[in-house]
Colleague: 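Below is one structure. I have some questions about it.
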Amino acid sequence: MNLLWRDPYADMILADGISLLCNDIQVDPQDIVMLAISWHMKAATMCEFSKQEFVCGLQALGIDSLEKFCERIPFIRSELKDEHKFQEIYNFAFDWAKEKGQKSLALDTAIGMWQLLFAEKEWPLVEHWCQFLQARHNKAISRDTWFQLLEFARTVDPALTNYDAEGAWPYLIDEFVEYLLENGIQKGQLSDWTH
Amino acid sequence: MTINQMKIVELEEGWSFMQKGITKLKRILEGLPESQFNSEEYMMLYTTIYNMCTQKPPHDYSQQLYEKYKEAFEEYINSTVLPALREKHDEFMLRELVNRWVNHKIMVRWLSRFFHYLDRYFIARRSLPGLNEVGLTCFRESVYQELKVKARDAVVTLIDQEREGEQIDRALLKNVLGIFVEIGMGQMDYYDSDFEDHMLEDSAAYYSRKASNWIVEDSCPDYMLKAEECLRKEKERVGNYLHASSEPKLLEKVQNELLVVYQSQLLEKEHSGCRALLRDDKVDDLSRMYRLFSKITKGLDPVANMYKQHVTGEGTALVQQAEDAASNKAAENVGGPQEQVFVRKVIELHDKFMAYVNDCFANHSLFHKALKEAFEIFCNKVVAGCTSAELLAAYCDNILKKGGSEKLSDEAIEETLEKVVKLLAYISDKDLFAEFYRKKLSRRLLFDKSANDDHERLILTKLKQQCGGQFTSKMEGMVTDLTLAKENQSHFEEYLNSNPLANPGIDLTVTVLTTGFWPSYKSSDLSLPAEMVKCVEVFKEFYQTKTKHRKLTWIYSLGTCNVNGKFDTKTIELIVGTYQAAALLIFNASDKLSYSEIKTQLNLADDDLVRLLQSLSCAKYKILTKEPSSRTVLPTDHFEFNGKFTDRMRRIRIPLPPVDERKKVVEDVDKDRRYAIDASIVRIMKSRKVLGHQQLVLECVEQLSRMFKPDFKAIKKRIEDLITRDYLERDKENPNLFKYLA
């Protein structure tokens with residue numbers, strides 16, 4: 001059935017194919033569930049599936065028809081609520097989204113991905129984080145920072161009461177904390193979230 | 001057999017004989033008229049006991065005699081000794097007690113001789129207490145037990161009287177206390193619990209009362225004088241009449257009441273406490289403070305702490321002074337005399353407070369540590385925009401350069417250098433010092449400004465001793481380079497002499513240096529005038545004859561040229577830099593040139609060109625005239641050789657304003673630090689394989705502390721960089737743990 005979406009010039013599904021696919025399974029291409037599907041496919045690159053990725057992914061998901069695919073979507077969406085699976089999908093997103101051959105993830109892409117991911121798993125500081133990166137950092141994001149940010153979002157409460165400045169947080173996260181303190185953000189607005 | 005034939009002695013009969021002897025003994029003890037025992041009497045008494053003990057049962061009276069021996073003492077004590085003691089009080093009672101004890105010991109000695117045969121067989125066989133012991137125990141059980149409290153109180157009262165300055169009979173006290181010791185028959189228990197405990201308690205109460213008054217009335221020095229005097233007297237007291245074992249306990253009690261209890265109140269006294277003593281340089285009082293508090297557990301901690309605060313305060317005041325002086329003279333150049341004054345004052349401060357450590361505080365390590373920590377605090381502050389590392393390097397330069405220290409003797413210079421190197425120990429940015437020092441050293445060496453080669457080597461030796469060989473290896477290389485360069489130059493001159501054809505017609509001196517030792521200099525593509533190009537070629541040829549594989553890089557910015565300026569009135573020798581000389585020489589071909597023409601001909605960057613044209617047309621000596629004439633050089637200006645220029649000197653030096661190299665030095669050091677941190681992290685992780693974040697940071701700081709104090713953020717950045725470069729990875733489970741990836 002993948003023939004339907006296949007690119008006319010390569011043995012894989014590319015951007016056009018993906019928008020057809022989304023249309024058929026009635027999912028917005030910007031929907032985070034597409035990231036979860038890509039994770040199931042073990043897709044190497046954003047916006048494309050190789051034939052092998054697609055076929056193996058469908059098999060693993062037990063999908064052999066469009067109807068089954070549509071039926072599976074709610075299940076795949078529910079997996080995002082599973083903390084462990086979310087972490088795998090989050091970590092997967094880094095390599096998936098970054099330019100091939102680069103070690104780090106372009107800032108714009110990273111911010112887009114974070115907004116998508118942290119809309120799913122709510123983290124009250126995500127907007128501040130993105131603003132901070134644009135104002136102070138403006139460079140690509142390393143894998144380490146990417147991985148550790150989820151850890152930070154999960155373990156440090158938004159009022160920063162259990163943040164340890166002596167800890168091993170990447171320096172970008174330390175600077176983010178300083179930025180929050182400097183701007184008095186964590187006191188004023190954030191106290192609402194902790195209640 | 002004679003023994004068997006002897007008449008049996010009955011107990012009644014024998015004992016009444018003994019009674020007579022005992023009565024005589026008592027009369028002697030009471031001082032009544034009585035003759036001494038002669039040997040015959042003594043023999044008779046002994047023999048009576050012997051006989052009564054050696055008769056066959058039931059006539060062996062050993063047991064009865066043993067009891068009667070004891071009863072004899074009891075009877076004497078109850079009938080005579082105790083009544084005599086009971087009617088006396090205080091000192092008189094004490095005297096009586098001493099007498100009675102002496103008498104009792106005599107009585108024991110005599111009676112135990114009379115009854116000696118009991119000791120030998122009866123007592124030994126039955127393991128009973130010996131005669132001497134029984135005798136002494138009698139006294140202890142009745143006299144001592146009854147009178148010990150009274151005696152103790154009387155003694156303590158006398159001690160307190162002596163403390164108040166009264167004369168007392170010390171010999172009497174010594175004798176009384178002797179009883180407390182001897183009564184234990186080898187054990188100190190009686191002295192300890194019946195006398196000493198109470199005496200200590202009383203002493204504590206006594207000094208507690210005293211101290212509570214003194215601490216209010218007296219100044220800290222007066223209080224310490226009194227405390228020291230009290231302690232001395234108490235020690236004397238032990239020597240005079242107390243048992244030696246009391247000394248540590250008594251002194252501990254007194255120290256506790258006088259010093260421990262009031263320590264903070266005493267040290268904190270506003271107008272005379274430790275801070276005031278430090279402020280007013282009261283060396284004697286501070287020494288006394290040290291002596292007193294050194295005997296107390298942790299007693300020196302607060303003193304050392306205040307000392308540290310005081311030194312920090314003094315040092316911070318110097319920083320502030322320098323800061324104020326600098327802001328008043330903001331226009332003055334960095335490294336000017338203000339900063340020299342600052343370093344000199346810091347050295348003086350160090351001398352002064354090191355003397356305190358040595359003289360007042362007996363070289364105690366706690367105070368060395370306090371001094372070190374205090375200096376580390378203010379020596380690492382930024383003074384008027386400069387780090388102390390830079391100031392120290394500038395200070396050294398001032399001493400070592402020509403004209404910097406002519407008034408000082410060799411010894412004085414050596415001493416000062418020694419002190420500067422000591423101060424360096426307090427500075428965490430040692431690498432920054434090294435870099436500034438190298439900059440200054442290179443100027444001294446290359447421009448022949450060093451006053452004395454021996455001093456240069458001396459300070460390097462001292463630096464090497466303190467900071468290690470790695471620290472000075474480049475500097476030593478520089479000094480050696482210069483010696484080699486001089487040799488090289490004389491070879492070059494020989495070469496020119498033997499190859500007259502090669503001679504470029506200009507005197508040329510080349511200083512060949514090893515790139516790695518020296519600070520990095522910008523090498524530019526200045527287009528040299530043809531005359532100079534020839535020089536360079538000639539030297540290259542010569543150098544090739546000596547070595548094949550070395551690359552020569554010419555640093556024209558460091559060159560100096562002597563150029564003859566043929567002005568209208570006279571010829572003047574101009575001493576200029578190579579850039580300036582190159583610019584002047586192009587005016588040989590044309591009288592007037594535009595800025596851009598000069599730029600094209602010299603192939604120089606704008607900033608260099610502006611600087612050199614400024615020095616030739618806008619400064620003190622106007623060798624070129626500029627159109628329009630103004631104080632700054634613009635790319636639209638035109639320049640002309642000023643033939644009318646003249647000066648009363650035949651030779652003038654036209655300096656090129658120096659570029660501020662500070663930023664570059666700091667940048668270089670920063671870059672080196674990144675490498676150093678990387679290397680250190682990799683070294684640590686290579687040996688440890690897996691390590692927690694904090695441990696890694698600590699070890700890294702520790703490893704690098706000899707050169708600089710890396711800040712935590714910098715280390716973090718380097719760790720992350722190493723993760724990106726796959727030297728390290730974070731543990732998947734524990735993000736605080738790093739693993740080394742071989």
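Remember, it's a predicted structure, so these values are computed and weren't measured experimentally. Below, chain A is the first sequence line, B the second, and so on; all start at residue 1.
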Colleague: Around atom CD of Gln134(A), are there more than 12 heavy atoms from other residues, nucleotides or ligands closer than 6.0 Å?
Modeller: yes
Colleague: Counting only non-hydrogen atoms closer than 4.5 Å, does Ser104(A) touch chain B with its backbone (N, CA, C, O), its side chain (CB onward), both, or neither?
Modeller: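 It is neither, since no heavy atom gets under 4.5 Å.
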Colleague: What is the minimum heavy-atom distance between Met685(B) and Leu696(B), and which atoms define it?
Modeller: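 Looking at all heavy atoms of both residues, the closest pair is SD-CD1, 3.8 Å.
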Colleague: When you check the side-chain N and O atoms of His350(B) and Tyr426(B), is any donor under 3.5 Å from an acceptor?
Modeller: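 Per modelled atom types, His350(B) and Tyr426(B) side chains form a pair under 3.5 Å.
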Colleague: To check you understand the geometry: which heavy-atom pair defines the closest contact between Ala393(B) and Phe436(B), and what is its length?
Modeller: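 Here Ala393(B) and Phe436(B) meet closest at CB-CB, 3.7 Å.
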Colleague: Using the six-membered ring wherever Trp is involved, compare the ring planes of Phe49(A) and Phe54(A) and label them parallel, tilted or perpendicular (cut-offs 30° and 60°).
Modeller: tilted
Colleague: Measure distances from Gln148(A) to the heavy atoms of chain B and classify the residue's part below 4.5 Å as side chain, backbone, both or neither.
Modeller: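 Side chain of Gln148(A) only, per the 4.5 Å heavy-atom cut-off to chain B.
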Colleague: For Arg725(B), which atoms come within 4.5 Å of any heavy atom of chain A: side chain, backbone, both, or neither?
Modeller: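 Backbone only.
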Colleague: I need the single residue from Ile715(B), Leu722(B), Asp721(B) that forms a side chain to side chain contact (heavy atoms under 4.5 Å, CB included) with Ile719(B). Which is it?
Modeller: Ile715(B)
Colleague: Test salt bridge (Lys or Arg N to Asp or Glu O under 4.0 Å) on Asp670(B) and Lys663(B); report intermediate values, then the result.
Modeller: CA-CA 10 Å; Asp670(B) 243 30; Lys663(B) 223 177 112 197; over 6 Å; no
Colleague: Of all the residues in residues 168-176 of chain A, which have a heavy atom that comes within less than 4.5 Å of a heavy atom in chain B?
Modeller: Ala168(A), Trp169(A), Pro170(A), Tyr171(A), Asp174(A), Glu175(A)
